[in-house]
Q: 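Can you keep this structure in mind? I'll have questions shortly.
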Amino acid sequence: MAKTKYIFVTGGVASSLGKGIISASLGKLLQARGYSVTIQKLDPYLNVDPGTLNPYEHGECYVTIDGAETDLDLGHYERFLNEETSQRNNVTTGRIYKNVIEKERRGDYLGKTVQIIPHITDEIKRNIKLLGTKGQYDFIITEIGGTVGDIESLPYIEAVRQMKWDMEGQCLYIHLTLVPFLAASGELKTKPTQHSVKQLLESGIQPDILVLRTEKPLTSDIKRKVGLFCNVDKSSVIESRDVPTIYEVPIAMLNEQLDTTILKKFKMKPGNEPELKPWRLFLERHKNPQQTVSIALVGKYVELADAYKSIIESFVHAGATHDCKVNLKLIHSETLSKESVHEILQGCSGILVAPGFGHRGIDGKLIAIQYAREKTIPFLGICLGMQCAVIEFARNVLGFELANSTEMSRKTQYPVIDIMAEQKDIADKGGTMRLGGFPCNLKKRSLVHKIYKLDSVIERHRHRYEFNNAYLEDFQENGMVASGRNPETNLVEIIELTTHPFFIGVQFHPEYRSTVVNPHPLFEAFIQASLKYEKQK
Ligand code: GLN
């Protein structure tokens, strides 16, 4: 069996150049050529995982099926490859140090002085190789977070430098940089790339392939020049020009032959050029929508769209199924009041209330939900959005005026959402929520049963609070039914209104499971219902 190949992706010149998208696109192309691929992200911060980070800091926290709270780039990997990732696919400096310090405390280092080199770098290498131990992957693409030259990414750079010597012929480096266009002189500038490669060379890494992010096409002369100054053959200087959607990047990289350049370097067979049929079909529909629909995304982190990355992408995937462009209006829940709600939401044919934590912005979410319920506008509530739907119903339909979640009001008279029993004695905040995939049985003849066309599904969770079953009868008698429940614990995972054409709240996060070739049925159905509502308006 051929040995697993490791591809390391570093970035230079500026952050946010799209290493994650380049890694995911390359993964997609290698996968389309018949190779098995996974993608890993190494993050240089000291948090053990991003689970404790505020979305303003780092965007959305993505949750894997095995319950890891991870960087949002893992969402891109899954959406592109249509394959699940796991705890092993995201490693932070915090986790590396934690492991090393735990080993030190156990006495595993037998009295040695514990140092960054070799102990931290060895732990990094161990974590990279862990993904390959079962030999199930032809390629492991490892994206190194941050920008070359950052103090905090130095141990990662050193670790991957060593790997090339530990595993001869199995490793290759891609360096992604920016070639800025200076409007004043009308020129593309390669000097930042040259400096960035010099910086890498100082750490002992010679990139094999350069991917140059640019607004304008790179001339053959520029490619030759960059190649010459950076010791890379011209055919390994790849242009990555700005494209209107991230989903075009795999096609752009195919045209630039990023995948075949890599395969050649590893002396592997490229085989036939992949057709990428489902991908191209999706792109075609995504770029030429036949209809549009306006949907409101009500949340409290709307200033930073990255905070709702997976939800936004889920609308892109499911929209394409209906040849539909979803005009997603990000609405800050704090702007919603009884007086403003109609003006703000009247143009929308669907309302999604987002996940979240804490008290801020709750009132606006409740107002949006009441508006959707009373005006029979299609509604989807995710996690906190579902919990708010329960609170709203309790207050305004059941007449439990002060109903609340104990997250917002610990001593509420009507704790319709309450902390889960298993969560009561947990003090630590990191990695302790109900996390990852759990089964959910769907009630026969319910709306969700019709949508999923399944009796049972597995969806991913990230929460501490749950529907309080002590009130279930009150809700069911009045038209809010539990249409999805956990088969072991009986926890209510889905609620829906029998008196409304499309009113669904889910305790889990369907958005983590939507991919380009496999849009999520709940998002597809939500868009369909919103289109129908728009036509009837
Ligand atoms: N704050 C709520 C809980 O912990 C909802 C979490 C979420 O929306 N992800 O249960």
Side-chain angles (χ1 to χ4, degrees), residues 49-65 67-70 72 75 297-302 304 306-312 314 332-333 351-366 368-369 379-392 394 403-410 412 415-438 440 459-469 471 484 486 489 491-495 504-514 520 522:
D49 60 43
T52 53
L53 287 173
N54 185 314
Y56 289 126
E57 289 281 316
H58 206 62
E60 162 189 279
C61 172
Y62 186 78
V63 179
T64 57
I65 186 81
E69 296 178 283
T70 72
L72 57 77
L297 193 170
V298 180
K300 66 172 172 182
Y301 308 112
V302 291
L304 183 76
D306 267 2
Y308 301 114
K309 194 83 201 157
S310 294
I311 293 178
I312 294 172
S314 299
H332 200 304
S333 56
I351 296 174
L352 184 145
V353 174
F357 294 84
H359 189 266
R360 190 170 67 88
I362 291 293
D363 292 342
K365 290 185 173 177
L366 297 176
I369 293 166
F379 166 79
L380 181 60
I382 299 183
C383 208
L384 182 64
M386 173 266 201
Q387 298 176 355
C388 285
V390 169
I391 296 168
E392 192 278 326
N404 216 330
S405 159
T406 50
E407 180 180 6
M408 318 306 160
S409 163
R410 220 149 37 97
T412 171
V416 288
I417 302 291
D418 197 7
I419 190 142
M420 282 178 276
E422 73 214 44
Q423 288 283 332
K424 283 193 175 135
D425 298 322
I426 293 176
D428 277 1
K429 290 276 181 279
T432 55
M433 282 187 249
R434 182 175 182 230
L435 288 166
F438 289 92
C440 171
E459 294 280 6
R460 303 183 199 176
H461 292 248
R462 181 175 188 246
H463 58 115
R464 294 186 204 280
Y465 296 82
E466 261 288 346
F467 185 94
N468 184 347
N469 274 327
Y471 294 95
N486 182 289
T489 57
L491 288 175
V492 173
E493 315 285 37
I494 309 177
I495 54 97
I504 296 174
V506 288
Q507 185 55 77
F508 47 78
H509 293 261
E511 71 273 23
Y512 295 144
R513 230 163 45 78
S514 172
H520 197 286
L522 279 179

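First listed ligand is number 1; within each ligand, the first listed atom is number 1.
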Q: Is a side-chain donor or acceptor of H463 paired with a backbone partner of Y465 at a separation under 3.5 angstrom?
A: yes
Q: Which pair of non-hydrogen atoms, one from Y512 and one from R460, has the smallest distance, and what is that distance?
A: O-NH1, 3.6 Å
Q: Ignoring hydrogens, just give me the one of G356, G381, P355 whose non-hydrogen atom is nearest atom 5 (C) of ligand 1.
A: G356
Q: I need the atoms of ligand 1 closer than 4.0 Å to a non-hydrogen atom of H509, numbered in the order shown.
A: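 The list of qualifying atoms is 9 (N).
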Q: For M433, which part has a heavy atom under 4.0 Å from ligand 1: side chain, backbone, both, or neither?
A: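 M433 to ligand 1: no contact under 4.0 Å from either part.
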Q: What about C383: any of its N or O atoms under 3.5 Å from an N or O on ligand 1?
A: no
Q: Show me which atoms of ligand 1 lie under 4.0 Å from any heavy atom of R462.
A: 6 (C), 7 (C), 9 (N)
Q: Quick one, S405 and I391 - any side-chain contact, counting heavy atoms below 4.5 Å?
A: yes
Q: Closest non-hydrogen protein atom to atom 2 (C) of ligand 1, residue and atom name please, with distance?
A: E407 OE1, 3.2 Å
Q: With heavy atoms under 4.0 Å as the rule, classify the contact between E466 and ligand 1 as side chain, backbone, both or neither.
A: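 None of E466 does.
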Q: With a 4.0 Å heavy-atom cut-off (strictly under), which part of H463 contacts ligand 1: side chain, backbone, both or neither?
A: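 The part of H463 near ligand 1 is both the backbone and the side chain.
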Q: On the 0 to 90° scale, with breaks at 30° and 60°, tag the Y56-Y301 ring pair as parallel, tilted or perpendicular.
A: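 The rings of Y56 and Y301 stand perpendicular, inter-plane angle above 60°.
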Q: Counting distance only, does the side-chain N/O of K300 pair as donor-acceptor with the main-chain N or O of A354 below 3.5 Å?
A: no
